[in-house]
Amino acid sequence: VGSVRCVQETGGINAEYMGTIQNQSTFMFKSALKLYTQKNLFSSSVANFSLLTQKLYEVVPKKQAELKDLRNKHKDTVIDSYNVDQIIGGMRGMKVMIWDGSKLDAQKGITFRGYSIPQLKELLPKSKYGEEPLPEAVYWLLLTGEIPTQAQVEDFQRDLQGRSHMHQDDIRFIQDLPEHHHSMTLFSLAILYFQHESRFASAYKQGIPKAEYWKFVHEDSLNLLAKLPHIAAIIYRKKYRQAKIIAPDYDLDWAANYAHMLGYDSHEVRECLRGYLSVHSDHEGGNVSAHASHLVGSALSDPYLCLSAAMNGLAGPLHGLANQEYLSFLLQMTKHIGTEPTDDQIRRFILNELSEGRVIPGYGHAVLREVDPRFTHFKEFSEKYIKKDPLVTLTHKLSVIVPEILSQQGKVKNPNPNVDAHSGVLLYHYDIKEINYYTVVFGVSRALGCLANLVWARALNFPIERPGSVDIEWFEANLGAK
């Protein structure tokens, strides 16, 4: 049993780390026994499964019937049209896929299965002393479409904890990766490393029927989610804390344990990460990371391959890397005008940046036309917990001044702050100052949405994506583009 093996393989890893693991061996053994039952998931009674898996067995047939009915009634219905500018301009606004987890409205922002971020904060289960939604509860909602009970979330947490154990060889592989690579490169590589554990890939080779695909993708997704905070924390400690790895604490929830393994155990940091991982989890299906995972999954690649592809997309400067770019911009700004500038100094600096052809990171959005509700969430969090921090104060000032300037210039459709204009500042405040790591935190969160969608993509038997393409000469011949 993997959990017992993890305890036995004590050589070569930090002695303090292994001592902690051994002290938790009773918990691990019980979790391993539960996992042993789940090894034979689909020949066992549904009653033996976790509550989340039981719920999926209930909702999947309903959604399958709903999609079948939709297709039978409307398969020839035209729902939209598009123009040349959309094709050349990154397919903006073209409705080309089904993604049930979240919906992005230009005015209202993101909703998760119909619930806004303030509603998530109000309705989803929380930690015993917290006010931020638990990411485990967000995943339950994304996957099932239902708000979970506290008992359901606690059962899910136990399931994740039982799947989270890593062998010595796993830890050593991550520790031995070259340090000079960007943190996101290491994260993607580490995810790929665990692909040999894929239950879907193994079952597919054995010829399982299509109707069973989603069950194994679900298993892979849970196994991957369980390990992600540990993987991400090892990368952080390896690159920035002299490779002093901190063992997991199985009494903590998913986000709190991640904070603990990073080396931060205060209530505020735990709450910060709970909120951070929750609101970054999904943002409709058309963004680069979400679509990358969906596209790769359409080829029946397993969740490990899909999530690694998503993380490679997230690492791009125009996607997830933007959060570290805003903080770099902010720190550069303070070198020129100080940490407590006047409004006039801020305006002059911003105008000078724009006059020299530079963009202001953290402002504007491809879809949104109002303030990003994720920005508002972080702003309210900082107003509650952070009383004196010049960078946070400056961020709030910029959120008023920059939109005024951008609106006056009339060159952008949305001059308002997005989530990148606040997320990094919070991490920096709590002394996580290694900005090249920030996108990894984003990636841990985005895995929730990507993996939930992969389960549904296989449950609904979506085919391989294969859009058509044409060359420029086609446009010239057919549209008179010459």
Side-chain angles (χ1 to χ4, degrees), residues 41-42 45-47 49-77 79 95-105 110-116 119-120 123-124 136-149 152-153 155-156 159 199-200 203-204 208-222 224-225 281-287 290-291 293-303 306-307 310 446-465:
L41 258 178
F42 311 116
S45 167
V46 174
F49 302 162
S50 69
L51 295 181
L52 177 58
T53 301
Q54 290 181 41
K55 176 59 67 172
L56 273 181
Y57 269 75
E58 174 187 326
V59 300
V60 163
K62 297 176 182 177
K63 184 63 71 172
Q64 289 171 332
E66 181 182 338
L67 183 66
K68 183 178 180 180
D69 183 62
L70 173 68
R71 192 167 191 173
N72 287 338
K73 290 181 178 178
H74 303 287
K75 63 180 180 180
D76 295 321
T77 302
I79 62 169
K95 298 176 179 63
V96 296
M97 62 191 299
I98 293 176
W99 189 283
D100 277 348
S102 61
K103 182 180 179 181
L104 184 57
D105 181 86
I110 192 69
T111 54
F112 300 79
R113 292 284 190 165
Y115 295 95
S116 67
Q119 288 175 317
L120 295 188
L123 299 174
L124 288 180
E136 301 95 311
V138 173
Y139 187 72
W140 183 293
L141 173 63
L142 292 174
L143 201 56
T144 70
E146 299 179 7
I147 296 289
T149 65
Q152 287 172 327
V153 169
D155 182 81
F156 181 34
D159 189 16
R199 296 197 65 194
F200 173 74
Y204 184 81
I208 59 167
K210 286 185 178 181
E212 302 290 295
Y213 285 175
W214 73 266
K215 301 172 184 178
F216 290 90
V217 170
H218 171 54
E219 278 295 293
D220 276 356
S221 297
L222 295 183
L224 189 46
L225 277 178
S281 60
D282 207 30
H283 215 235
E284 217 177 49
N287 66 74
H291 191 204
S293 66
H294 184 80
L295 173 63
V296 174
S298 77
L300 297 186
S301 299
D302 61 68
C306 297
L307 188 61
R446 184 50 56 89
L448 297 167
C450 290
L451 293 174
N453 173 72
L454 283 173
V455 175
W456 276 109
R458 300 291 73 78
L460 299 176
N461 196 27
F462 289 151
I464 188 170
E465 285 193 0

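Side-chain atoms are counted along with the backbone in the values below, which use heavy atoms only and exclude waters and symmetry mates.
- Listed here is the closest heavy atom pair of His294 and Trp99: CB-CZ3, 4.0 Å.
- Of all heavy-atom pairs between Asn461 and Lys210, the closest is OD1-CD, 3.8 Å.
- Counting only distance, with no hydrogens or angles, the side chain of Asn72 and the backbone of Lys68 share a donor-acceptor pair below 3.5 Å.
- Between the side chain of Arg458 and the backbone N or O of Gly297 there is at least one donor-acceptor pair closer than 3.5 Å.
- A donor-acceptor contact shorter than 3.5 Å is absent between the side chain of Ser293 and the backbone of Ala310.
- At least one donor-acceptor pair closer than 3.5 Å links the side chain of Asp155 to the backbone N or O of Leu51.
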Derivation of the ring-ring contact (aromatic ring centres under 6.0 Å, His included) call for Trp214 and Tyr57:
CA-CA 10 Å; Trp214 73 266; Tyr57 269 75; 5.4 Å; yes
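- Of all heavy-atom pairs spanning Leu451 and Leu225, the tightest one is CD1-CG, 3.6 Å.
- In this structure, Tyr115 OH and Leu120 CG are separated by 9.5 Å, a value rounded to the nearest 0.5 Å.
- No donor-acceptor pair closer than 3.5 Å links the side chain of Arg199 to the backbone N or O of Asp220.
- Qualifying side chain to side chain donor-acceptor pair (under 3.5 Å) partners for His283, counting only residues two or more places apart in sequence or in other chains: Arg374.
- With Ser102 contributing its side chain and Thr111 its backbone, the two residues share no donor-acceptor pair below 3.5 Å.
- Distance check: Glu58 CD to Gln54 CD gives 9.5 Å after rounding to the nearest 0.5 Å.
- The two residues Asp282 and Gly101 have their closest heavy-atom pair at OD2-C, 3.7 Å.
- Nearest heavy atoms, Leu307 versus Leu224: CD2-CD2, 3.6 Å.
- Ring-plane geometry between Trp140 and Phe156 is classed as perpendicular, the angle between the planes exceeding 60 degrees on a 0 to 90 degree scale with a lower cut at 30.
- In terms of modelled atom types and a separation under 3.5 Å, the side chain of Gln152 and the main chain of Thr149 share a donor-acceptor contact.
- Under the side chain to side chain contact (heavy atoms under 4.5 Å, CB included) criterion, Leu460 pairs with Lys63, Gln64, Leu67, Trp456, Phe462, sequence neighbours left out.
- In this structure, Gly114 and Gln119 approach most closely via the heavy-atom pair O-OE1, 3.9 Å.
- To the nearest 0.5 angstrom, Phe200 atom CZ is 6.0 Å from Ile208 atom CD1.
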